[in-house]
Amino acid sequence: MTEFSGWLLDLFENPGGGISLWFIGVNGKRQRFLQKFPATFFVRVNETQAVALKRFLEKQNAVVHLSYQERYDLFARKALRVLAVEVQNAYQQPALFRKALHELPDLQYYDADVALSLRHAAIYNTFPLAFCRLKADDQGWIQEIKVMDTPWDIDIKPPPLRVLRLSPDTNPEDSTPQALIVQYASRLHKLSLQPVRALLINLKSILSQYDPDFILTRWGDTWLLPRLIEMDNATGIGLPWNREPGRSFGYRAERSYFSYGQIIYRGQQIHLFGRIHIDQGNAMFWSDYELDGILETSRLTRLPIQTAARQSSGTGISSMEIVTALSNGMLVPYQKQQAEHAKTALELLHSDQGGLVYQPLTGLHTDVGEIDFISMYPSIMVRCNISPETDPSLALEPSDEPPGLIPQTLAPLLDKRIKLKQLLAELPHWDPRRERYKQLTSAQKWLLVTCFGYLGYKNARFGRIEAHEAITANGREALLRAKEAAEARGFLLLHMYVDGLWVQKEGARHPEDFQDLLDAIAERTGLSISLNGIYRWVAFLPSRVDQRVPVANRYFGVFQDGSIKMRGIETRRHDTAPFIAATQLEILQHLAGAEDVQTLKEKYLDGAVAILRMRLHNLLSGEVPLEQLLVSQRLSRELEAYTVPSPPARAYAQLHAHGKVLRPGQRVRFLYTLDEAGVRAWGLPEMPDFKFVDTARYKALLIQAAGTVLQPFGWDEERLGTVVSGIPAEQDPLPLTRIKSPSFWSEGLLSDTKYDQVTS
DNA sequence: TACAGTCGGGG
DNA sequence: GTGTACGACTGTA
């Protein structure tokens, strides 16, 4: 018998039986243990069906134990008698279930499509990187395992991770890479991709000597690993990618899928065994929260790290709900089988709407505070006990019933997030923990946000549309109560949007001026509320189509600390050329330098117009690198499915003609050009010449973007157009070779690809 | 003018 | 192995 302490890195099924668990030991050793772990699913059967199921199972090449059990069904709200099918080898369970479903499709199956890591979490409280103590026999089979921490702990003993970073020296979609950038343990190498043998031998020695726990790549799923594996197979050198003996790679095919109203593309994936591969470009929110955020998602959701990194947060919150259900001995439905409950017309009238949207008072405002409800929807779910199996209140009343599945799942997550937010507010800015805390809260935010949307999807495993509506109804109620409280205290309500409100009162410039209102709102709604900030000035924009109509979601402003908030304007959009976005931001940052509106109007507007003139001059004299003029848009369909030759469709057609295939959800980048097509795709064999760039069009876009942020100060597009006309070089753009590189381009404002920092 | 196609949310 | 909103805006014809 051996005893062992360490962090659980990964666990997975073994084809030969039992499951493998890989640990990072406190002794520094990376060690695998085995564990006997049968996987059970349940079936609701009458006597004849039970006979048929037993007959089917007998014919299968799998050892199963059958028994009848009483399990609680969430939607029936009572315990049901179900047949438990305990599959001794967990590896066989998914396939066995699929065959059973095919053979006997009319039965109700439960716990049938639950990931192994979730089953394990429900029994042993495990999660990725959990600190464990275990006892194992001499063959390495675990006899006892204890988890010493929880996903809700904030300051954990950090596991000593070994991280290897691999990336090609260029984006393989644009040009063929020549070398591989390799970083580990504060070392940085550049390995040439040719000759192949030397490269592979080098990599082999790094993999076996450094023995990384994580391999973080760029284009690793879609380009790098497939290439390296292919080369390796051809030469027979044998790179030790996996730690688990005898396992090949876990491949997942590329796919396009629909999520929140748009097509998303996810490239092919390559998973490893006993070691973690994450492709940053293929990871869900990599740019948002880096490795700490991914590890937090993984801890909270109990999904394997390689899965958590690439999965949507919908799968994440669903996993958390499944673990809650399993831990409570509740049945996890395979398919949602629930019809929408009948509703009276009155209920429909009250609840069947989304979040509250208000029409703001357009124009420039001062003495404005922005008040936000903190995690409004999740807080409502917890406070009002909103869950598919409960009868929620519509009047923000706290529930005295025992908490349902969703509140049980959310409450600890919400607590952890609030604790972290408080810590972040207290910690000095130089504290090294801040960065990690920010990544954790960002990961948590996505899970919380998605939980709401997920509840509203009628086919979600634990979804129920009435629950979704109860949340938005309570949200609207909270905002209306906040509005009353504000108006009763002499504030003018400028705007409300889903979970925030903007209130104005002459002379209100200090947090104390808003405190009474905050207290009143918290008291009237029972929800947490915070003063997000006080604006030096804020502007709500009218519709571009009709200047008389305000729109809810286009505004920008500067807080007292000088930070900028903007929504819906060009800089925020992913289809704005970097040059246009950067110029708009540059103007805003200039305006943010003014202490108040008076000073701004007197001393800063000339400078703003000067910035526009300067950038326009850069544009028309060919000083802007072509990359900064690229527009990037997401393809929503296959090429043949386009009926209108929109710019992205035209650009894709050009790429397609050169044999490049893009899938729906992938982005296409292009320039606006003067030729017949009007656009030119980026990534064609020939580099475009600057003289074909439609500078007049970029000029119009630039003036439009400047007009968006200057219009509240009296400089609309039309007025800007008159002042900036006559800038030289319009008729005579310079060739590309004359491009200078003003410091503006290298300030990071515009850089879109940057390599990761070396971390030790 | 009609309508097809794209974006947002977060930091 | 996700979770098919909806309104603003732009471009094409």
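Convention: sequence-line order gives letters A, B, ...; per-chain numbering from 1.
Of the side-chain N and O atoms in A:S543, one or more sit less than 4.0 angstrom from OP1 or OP2 of C:dC9.
Counting atom types as modelled, A:R572 pairs a side-chain N or O with a base atom of B:dG10 as donor and acceptor under 3.5 Å.
Sorted by first and then second residue, the side chain to side chain donor-acceptor pair (under 3.5 Å) pairs involving residues 551-562 of chain A (not counting sequence neighbours) are A:Y497-A:N553, A:D561-A:S563.
Comparing C:dA8 with B:dG11, their P atoms are spaced 24 Å from each other, to the whole Å. Taking atom C1' on both nucleotides, C:dT4 is separated from B:dT6 by 16 Å, rounded to a whole Å.
Annotation: salt bridge (Lys or Arg N to Asp or Glu O under 4.0 Å) contacts of A:K445 (sequence neighbours excluded): none. Residues satisfying the salt bridge (Lys or Arg N to Asp or Glu O under 4.0 Å) criterion with A:D221, sequence neighbours excluded, are A:R310. Qualifying salt bridge (Lys or Arg N to Asp or Glu O under 4.0 Å) partners for A:R544, counting only residues two or more places apart in sequence or in other chains: A:E570, A:E717.
Looking at A:R461 and A:D113, a side-chain N of the basic residue comes within less than 4.0 Å of a carboxylate O on the acidic one, giving a salt bridge. Salt-bridge check for A:E638 with A:R663: passed, with a basic side-chain N closer than 4.0 Å to an acidic carboxylate O.
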What N/O pairs connect the protein and nucleotides 10-13 of chain C at under 3.5 Å? Give each pair on its own line.
from   : atom 1 : to     : atom 2 : distance (Å)
C:dT10 : OP1    : A:R544 : NE     : 3.0
C:dT10 : OP1    : A:Q704 : NE2    : 3.1
C:dG11 : OP1    : A:R697 : NH2    : 3.0

Dot-bracket encoding of pairs in DNA chain C, which uses [ ] for pseudoknotted crossings and | for another strand, Watson-Crick or G-U under 3.5 angstrom: .....||||||||
